[in-house]
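Remarks on the structure that follows.
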Protein chains: 2
Amino acid sequence: MNTTIPPDLRTQQEFLSQLIDCKHLIASGEPGVYGRGMEFERVRTAVDSLITSISAPDCPETPRFPPIIPKSTLEKAGYLKSFPNLCGAVFSFAGKESAAVDLLERVKRGDDWGMHLSMTDVVLNPAACYPAYPAVARRGPLPPGGILLDLGASYVFRNEPSPDPARLQVFHQREMVRMGDTDDVLQWRELWMSRATTIFARLGLDAKLDVASDPFFGRAGKLLANSQRAQNLKFEVLVPIASTERTAVASFNYHQEHFGSAFGIRLHDGGVANTACLGFGLERISLALFRKHGLETNTWSSEVRDQLGNWL
Amino acid sequence: MNTTIPPDLRTQQEFLSQLIDCKHLIASGEPGVYGRGMEFERVRTAVDSLITSISAPDCPETPRFPPIIPKSTLEKAGYLKSFPNLCGAVFSFAGKESAAVDLLERVKRGDDWGMHLSMTDVVLNPAACYPAYPAVARRGPLPPGGILLDLGASYVFRNEPSPDPARLQVFHQREMVRMGDTDDVLQWRELWMSRATTIFARLGLDAKLDVASDPFFGRAGKLLANSQRAQNLKFEVLVPIASTERTAVASFNYHQEHFGSAFGIRLHDGGVANTACLGFGLERISLALFRKHGLETNTWSSEVRDQLGNWL
């Protein structure tokens, strides 16, 4: 019998055990779903505040969106073509009392009770920027120069249970979106890729900016991923966390006219808007900091602590 | 043809229109699912900070939990007996490429695509305190005197689409939980009912504390609700928002041994723990403030603004 555990899995299990032992993460019994302890939250919100301090001079609008969105938004965004396996649709019970009795008996027996549920009109939000597109489209054409939104730290969901503490089913994406013409959005993306490199260097993380692709579903997905890379549509900042390969902690995405066209976002001259977004994975950045600098923040170097300033 | 709109509905539609016009709420196309503008968020987080300032001297633990929980936690908590119609179970796609093709064609035709999805092991969290019970049970018996958790502002989900802006499908519950013996938890609940009355008076809201019951499902639900009232298990603070009847903005719940027994939470002497929780509905309190004091915070009286202090 071969009982060898793959090295990545062993590393991830060990790191997860450490995180749980020192109360940074709280096990729920479900992989990729954890509570977060006080010190972990101090780090996560300090990283969030550091990003806010860098974003604030740009004077973005700062709307906030909840973790569920209309099903129609997911459909229009094209998510079901690219990532059907990662979606989270919300089902509920709309039956009569007799069905509720059977549902409850199934729960008691440990049987499946999904057949008693039906689809609602909402889904979990898989990408923090999605609710922003229909909201902006409803306002009418963009002003000259376009707009910038800082959506704060939004919960997003991905159906990918994993033993890697850096791959959560639900996590905080610190998200910003730029909408305008091609130059507007590409210049803004360049600016933030440069800012991000500075942020991670200051935090003492061994970060690499690289062209990247999304995990598109199915055989056709490989072609989509190749095309995305060839056009430099996605960049990621990658750092070592708990795998032999680096883990993405931030991404910078140029959508061309995809969302402008899908949701009817117009420029002031009537043309279709271009969009770009960026997301910082706040839990992953926090995990990278604990991994690199140690599990107790009071042992971190003054250089790193100074960056997180009064927030830590 | 009778085109009379019920007075509650008209009031709710008018208030919702006002809230959207002045950018406090951002329509999503789905009732009960809204983005929130900057000024609304300033009020919501100021109320949260006010509650934190009152809670802090009690030195609670401050863990944070995400908006999804294991399906098994919902089952053990007994939610499916009491509120199956309000639950939100997360379904996803685990099929092959051919099924994904059919799913996508259904989306394009505007047809239902739910038959291609299957139940995952996670559900939306309907009550901010739920993830705390298994987490505490895993630690072993409570220390003498029990424990106090301040869970911060947690997103919770209820499947109840409504035209009332004060009835959201997803909202922030500012939640605390006390676990210990009967006296521990009842004294703590008394303390907070008194604190809450003071908070709402200071905020200039016409608040009423009253015994209450949950909207239990089905015919048996009426008996459960009567029993809950007869035993004074639930109190609510109610204020006028956008209905002829007052709307609950905070609740104070004594669970007796329900969760202690369901999740195996033990006292230091081996007995089953009692629990109580309280929740402040942050969006509802914010809406009540806008309704009472006006849609622009800079017109609010200095008495109210002073309460929200530096946070506003």
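Chain letters run A, B, ... following the sequence lines, proteins first and then strands; every chain starts at 1.
- Chain A forms the most heavy-atom pairs under 4.5 Å with one residue out of B:Pro161, B:Ser72, B:Cys87, B:Ala220, and that residue is B:Cys87.
- Below 30°, between 30° and 60°, or above 60°: for B:Phe93 and A:Phe217 the angle between ring planes is above 60°, a perpendicular geometry.
- At a threshold of 4.5 Å between non-hydrogen side-chain atoms, the residues A:Ser92 and B:Asn85 do not count as touching.
- Contact annotation for B:Leu80: both backbone and side-chain heavy atoms come within less than 4.5 Å of a heavy atom of chain A.
- For A:Leu104, the part lying under 4.5 angstrom from a heavy atom of chain B is the side chain only.
- The number of heavy-atom neighbours closer than 6.0 Å to NZ of B:Lys71, taken from other residues, nucleotides and ligands shown, is above 12.
- The contact between B:Glu97 and chain A is made by backbone and side chain atoms together, counting heavy-atom distances below 4.5 Å.
- The contact between A:Tyr34 and chain B is made entirely by backbone atoms, counting heavy-atom distances below 4.5 Å.
- You'll find the side chain of A:Val33 reaches within 4.5 Å of the side chain of B:Val122, heavy atoms only.
- Using a 4.5 Å cut-off between heavy atoms, A:Ser28 contacts chain B through both its backbone and its side chain.
- Residue A:Pro134 does not touch chain B at all, counting heavy-atom pairs closer than 4.5 Å.
- Between chain B and the residues A:Ala100, A:Pro67, A:Gly110, A:Gly29, the most heavy-atom pairs under 4.5 angstrom are made by A:Pro67.
- The CE atom of A:Met38 lies 10.0 Å from the CG atom of B:Asp150; values are rounded to the nearest 0.5 Å.
- If you measure heavy-atom distances from A:Pro131 to chain B, you find no contacts under 4.5 Å at all.
- With a 4.5 Å cut-off on side-chain heavy atoms, A:Phe65 and B:Arg36 do not count as touching.
- Taking A:Ala132, A:Pro63, A:Gly152, A:Ala89 one by one and counting their heavy-atom pairs under 4.5 Å with chain B, the maximum is reached by A:Ala89.
- In terms of heavy-atom pairs under 4.5 angstrom with chain A, the leader among B:Ala135, B:Gly88, B:Pro66 is B:Pro66.
- Heavy atoms closer than 4.5 Å to chain A are found in both the backbone and the side chain of B:Thr62.
- Between A:Phe91 and B:Leu117 the shortest side-chain heavy-atom distance falls below 4.5 Å.
- Both the backbone and the side chain of A:Ile68 come within contact range of chain B, with heavy atoms under 4.5 Å apart.
- For chain B, the nearby part of A:Leu86 is the backbone; its heavy atoms alone come within less than 4.5 Å.
- The candidate with the highest count of non-hydrogen atom pairs below 4.5 Å against chain A, out of B:Pro84, B:Gly95, B:Gly114, is B:Pro84.
- For the set B:Met119, B:Lys108, B:Glu30, B:Arg64, the entry with the most heavy-atom pairs within less than 4.5 Å of chain A is B:Arg64.
- Of the two parts of A:Asn159, only the side chain, counted from C-beta on, holds a non-hydrogen atom closer than 4.5 Å to a non-hydrogen atom of chain B.
- Interface residue A:Tyr155: only side-chain heavy atoms are found under 4.5 Å from chain B.
- Note on B:Leu151, B:Leu124, B:Val101, B:Leu168: by heavy-atom pairs under 4.5 Å with chain A, the leading option is B:Leu124.
- Side chain of B:Arg138 to main chain of A:Ile26: no donor-acceptor pair is present (N/O by atom type, distance under 3.5 Å, no hydrogens or angles).
- With a threshold of 4.5 angstrom between heavy atoms, B:Ala94 does not approach chain A through any atom at all.
- Contacts of A:Arg219 with chain B are made by both backbone and side-chain atoms, with heavy-atom separations under 4.5 Å.
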